[in-house]
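Below, all heavy atoms of this structure are taken into account, side chains as well, without hydrogens, waters or symmetry copies.
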Amino acid sequence: MIKIEFNGEEIERLYQQFMEHPPGLVKKKLHVIYLKSLGLPHHQIALIARVSGDTVTSYLKEYSQGGLAAIGMLRIHAQPVPCCRIKNR
């Protein structure tokens, strides 16, 4: 289990970010971290946020290593698409 200590100001900031952020992956991460800031155990966070325990751990590691800036950075893994050439007739 990852231990992160939150002060009242951090908890309030997490809550505001969570509430104001548009739906998507970053909002999901904020939700998980906010629940952790309230002292919930990982299994309850996973249940409430509807993610796996490994995902909870992953999001918390990201936050512990880089704060809010780290969770705002999305890493998209996509296959490169070959460029096609248009032939003139």
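Counting only distance, with no hydrogens or angles, the side chain of K36 and the backbone of L60 share no donor-acceptor pair below 3.5 Å. No side-chain donor-acceptor contact under 3.5 Å links K27 to the backbone of P22.
Separation of atoms CG (L25) and NZ (K29) is listed at 4.5 Å; rounding is to 0.5 Å. Expressed to the nearest 0.5 Å, how far OG of S37 lies from CD of E12 amounts to 10.0 Å. In this structure, NE2 in H31 is found 10.5 Å from CZ in R50, a value given to the nearest 0.5 Å. Considering CD of Q44 and CG of L38, their distance stands at 11.0 Å, rounded to 0.5 Å.
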| query | Are L30 and V26 close enough, and set up right, to give a side chain to side chain contact (heavy atoms under 4.5 Å, CB included), and what steps lead you there? | reply | CA-CA 6 Å; L30 287 165; V26 174; 4.2 Å; yes
| query | Between F18 and V32, does a side chain to side chain contact (heavy atoms under 4.5 Å, CB included) hold up when you go through it step by step? | reply | CA-CA 10 Å; F18 169 64; V32 166; over 6 Å; no
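Classified by interplanar angle (parallel below 30°, tilted 30° to 60°, perpendicular above 60°), the ring pair Y34/Y15 is tilted.
Checked against side-chain contact (heavy atoms from CB on, under 4.5 Å), Y63 has the following partners two or more places apart in sequence or in another chain: I4, F6, E10, L14, I33, L68, I71. Take T55 and apply the side-chain hydrogen bond (donor to acceptor under 3.5 Å, both in side chains) test, not counting sequence neighbours, and it matches S52.
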